[in-house]
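Each chain gets a letter, A, B and so on, in the order the sequences are listed, and its residues count up from 1. We use all heavy atoms of the structure for the numbers below, so side chains are in, but hydrogens, waters and symmetry mates are not.
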Amino acid sequence: MDGLATRLKPKARRPARVKPRPVFPFTAMVGQEEMTLSLVLCAVDPAIGGVLALGDRGTGKSTAIRALAALLPPMKAIRGCRFNCAPGKPAQMCEACQQPRAPRATVPVPVVDLPLGATEDRVVGALDLERALTQGEKAFEPGLLARAHRGFLYIDEVNLLEDHLVDLLLDVAASGENVVERDGLSVRHPARFVLVGSGNPEEGELRPQLLDRFGLSVEVMTPTDLPTRMEVIKRRDAFERDPPGFCARFAPDEAGLRARILAARAALPHVAVPDAMLEQAARLCMTAGTDGLRGELTLIRVARALAAHEGASEVTLDHLRRLAPLALRHRLRRNPLDDSVATTRVARAVEEVFGP
Amino acid sequence: MTPPTPREDAALAACLLAVDPGGLGGAVLRARPGVERDRWLSLLQAILPAGTAVRRLPPGVADDALLGGLDLTATLATGRPVQRAGLLEASADGVLVMPMAERLTRPTAARLTAGQERHGYAMLALDEGLEEDEAPPPALLDRLAFCPDLAEPPGPAPHGAAAIAAARARLPGVDSPEPVIEAILATAMAAGIVSLRAPALALRAARAAAALGGRDAPNAEDATLAVRLVLGPRATILPEAPPEQEAPPPPPEEPEAERPDDATDPTRGGQMEDVVQEAREVPLPAQLLASLAAATLRLRAPSSGRTGAERISLKRGRPVGSRAGEPRNGARIALLDTLRAAAPWQRLRPAPPRARVAVRREDFRIRRFREHSESTAIFVVDASGSAALHRLAEAKGAVEMLLAECYARRDRVGVIAFRGAAAEMLLSPTHSLVRAKRALAGLPGGGASPLASGLDAALAMARLEKRAGRTPLIVALTDGRANMARDGSSGRAAAEADALAVAKLLRAEGHSVLIVDTAPRPQPFATTLAAEAGGRALVLPQARAEVLAGAVRQAIGAG
């Protein structure tokens with residue numbers, strides 16, 4: 001009896017987490033409106049396809065992502081499922097969860113860091129060495145992709161990621177499923193996640209194939225005006241000196257934004273996209289010269305999320321105009337050696353199609 | 001009051017760091033191993049509170065040692081999973097000493113910085129780099145507040161352990177007044193420091209100084225100290241000097257620089273001015289770099305199997321069997337081979353307590369793979385007066401076309417230019433082609449041709465790249481009119497002899513070399529040089545380049 005109980009107890013996968021340090025609140029970020037807006041829109045509609053933040057070091061890219069995790073409302077999942085399966089959607093579940101009436105639990109939305117030096121094993125999952133060695137069992141140990149299911153996968157310095165990992169991520173991000181065929185294992189499990197990447201383009205180029213997979217692309221720059229810089233430093237300093245107090249100061253803002261995200265998610269299916277807007281988006285993409293249809297799809301989708309977020313009932317030209325740079329600037333057909341700013345090319349196309 | 005000496009400042013930096021190790025991030029100690037560095041380290045250690053963890057990071061540390069993980073020996077002995085804490089966790093709230101920090105890889109640096117956020121340790125990067133480009137990863141340096149000058153050993157610590165402990169207790173209550181923040185930020189902007197991390201660190205340093213002084217808020221003196229210690233070194237290390245603004249090279253000798261065989265030169269005889277020329281399109285054989293690498297490999301494969309475009313890896317690539325070893329540091333276990341190794345001993349070994357199979361450490365087999373190693377294209381561009389007049393534009397165009405090929409192949413690119421007195425590294429190897437293009441576009445031409453120095457610089461860069469596990473390809477674009485020897489003396493014969501000597505070295509070390517002859521008429525010397533270096537020579541096609549450039553000009557004129 002005793003032995004059975006210990007075997008059923010979920011075993012500790014890693015040493016106990018050290019004291020959880022409070023996270024810098026999302027709403028306390030100064031500036032970087034493009035980045036915060038696009039992250040919020042991805043939280044509203046995960047199907048947008050992720051965010052790529054390129055820019056200087058020390059501009060709060062990682063801070064924003066960690067803060068978003070703390071902000072997002074928790075989600076329902078099957079209790080103890082290693083893949084965070086959503087209850088009530090058997091088609092998307094892992095094998096273990098497909099039994100009826102699995103117990104449910106509320107879990108935080110996962111935000112998983114993909115470290116630069118991560119091995120393929122760690123990313124896709126591999127044979128569980130502990131169990132193979134000690135019990136002679138062939139078991140699958142889920143990797144980072146499994147942990148990121150229904151959440152966010154964050155890759156810092158994505159432009160320095162090794163090519164074989166990029167290939168892998170592309171495949172999984174496109175199919176929403178991770179297929180593992182290695183070490184005599186044959187496992188498939190759902191892996192739908194919002195890909196968030198950041199990096200400094202001065203340190204290396206991103207493969208164009210990966211570039212296109214990100215829904216939105218934002219440029220982050222260190223603020224250069226003194227008042228903004230002062231505010232950044234002041235808030236950072238206040239947070240470091242008294243994290244709980246600082247977080248408490250921003251708690252109402254955080255709750256407000258969380259409520260807005262939830263409301264926007266509920267409103268999303270009811271936002272109308274008039275045919276005229278579809279046509280405008282298509283014309284814009286043709287003028288700007290984006291490859292494929294993904295540009296239009298993303299632009300419309302993200303405009304709908306923005307409309308829902310702002311409480312509008314339908315997508316307007318203003319939404320498209322504001323979001324066009326984010327959705328299109330990384331999709332322009334480009335010469336690798338041409339460093340002319342893509343943003344201006346998109347802006348020119350916007351002006352041409354939508355008028356000044 | 002006399003200005004503080006570097007010795008006093010170094011000691012002060014140690015005191016501030018002892019007050020707020022996690023917040024200030026740590027320090028870079030750029031010095032050779034020696035008494036200066038040791039004195040600083042022992043000074044810091046003496047004033048840290050008793051019981052502070054001081055750990056040393058082994059060079060080339062593996063991930064499982066950093067982050068912890070399954071302890072294989074203990075797991076096998078006890079028959080149940082035994083976890084081991086990593087080095088990062090063990091140095092929580094303490095100090096992590098990192099010898100040979102210039103050899104740290106980016107992934108390791110990423111782990112270290114992420115671990116710092118979580119465990120709050122200070123990092124002491126012992127940077128023993130000799131060259132300018134041998135430095136710890138920038139992402140790491142960005143987070144370390146101090147860079148004490150260790151030309152001399154530091155002075156005695158101005159504060160004792162008791163004062164440090166008192167300051168630590170006072171630190172949380174120390175305020176950050178707005179004028180201090182503003183002063184620090186304004187100074188940072190004036191010094192051209194863009195990153196906001198530096199002023200944030202300076203603010204923390206000012207607060208630590210205030211805590212040491214027994215004040216509730218930093219005063220002007222604390223702010224000045226913080227600016228001097230934190231922002232000072234950063235302002236000087238900014239590498240943003242556009243090449244055009246450099247002092248013009250001293251024209252050492254005029255008559256030898258220009259050869260009389262080109263009487264059509266319009267500027268001949270006049271003052272040699274630096275000419276920045278735009279890149280011009282030139283026709284080059286497609287896949288030049290690829291074919292070069294392949295050709296060299298074919299040539300060398302039988303003689304030395306040591307390096308090449310392929311190497312054995314434990315992580316990825318095409319599987320080629322297994323070998324004994326532990327599945328650590330990314331190496332993957334070959335399960336069947338491991339069990340096969342353990343099988344014959346099962347009768348002899350005592351049954352393990354819970355496991356079914358008695359596997360021991362020596363049974364482990366790991367997989368081996370064969371993978372392609374990354375390559376680095378090193379461009380050596382002749383920007384001397386003679387080349388500038390003739391074909392610098394074409395040379396730039398050729399490099400740009402090659403860069404496009406590099407982009408497709410995901411190669412790294414480094415650019416070296418030589419003119420006047422010496423060679424100059426325009427760009428240390430990077431993936432960023434935009435930067436390569438920018439470096440090249442601003443390259444002025446003019447002066448003598450120190451070809452040997454240029455090849456020397458390429459050789460040094462190639463050695464560094466090879467040591468980092470990449471395959472260097474050297475592409476030298478020159479008109480072959482070397483006229484300055486290594487020792488700075490002018491003279492064609494000595495210069496050519498020197499260049500040939502470097503070429504021999506290049507061949508001896510087995511680097512792939514391509515010499516692109518940019519002279520208006522093919523020079524026999526370029527061919528000789530290529531032969532000596534064991535590489536290939538290529539003549540930049542003259543007529544077609546002219547035709548092409550003319551066509552481009554016409555199109556612009558008509559449009």
Subject >> Engaged part of A:Arg229 at the chain B interface, taking heavy atoms whose separation is under 4.5 Å >> reply: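 For A:Arg229, the contact with chain B is made by backbone and side chain together.
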Original post:
Between OG of B:Ser176 and CD of A:Glu240, what distance do you get to the nearest 0.5 Å?
Top reply: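 So the OG of B:Ser176 and the CD of A:Glu240 are separated by 9.5 Å.
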Subject >> A:Glu231 side, atom CD; B:Leu185 side, atom CG - distance, nearest 0.5 Å >> reply: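 Between A:Glu231 CD and B:Leu185 CG, I get 11.5 Å after rounding to 0.5 Å.
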Subject >> Residues B:Asp175, A:Arg241; criterion side chain to side chain contact (heavy atoms under 4.5 Å, CB included); working and verdict >> reply: CA-CA 9 Å; B:Asp175 207 18; A:Arg241 281 165 52 199; 3.0 Å; yes
With a 4.5 angstrom heavy-atom cut-off, could you sort out which part of [X] is near chain A: side chain, backbone, both or neither?
| X | value |
| --- | --- |
| B:Pro199 | both |
| B:Leu203 | side chain |
| B:Arg143 | neither |

Subject >> chain B interface, residue from A:Asp113, A:Leu226, A:Ile233 that has the most non-hydrogen pairs under 4.5 Å >> reply: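 Ranked by contacts with chain B, first place is A:Ile233.
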Subject >> Salt-bridge contact B:Arg204-A:Asp237 (side-chain N to carboxylate O under 4.0 Å) >> reply: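 No, no charged N to carboxylate O under 4.0 Å.
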Original post:
Where do A:Lys234 and B:Ile181 come nearest, in terms of heavy atoms and distance?
Top reply: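 Nearest pair, atom of A:Lys234 first, then B:Ile181: CG-CD1, 3.3 Å.
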Original post:
Around atom CG of B:Asp216, are there more than 12 heavy atoms of other residues, nucleotides or ligands at under 6.0 Å?
Top reply: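 Count not over threshold, so no.
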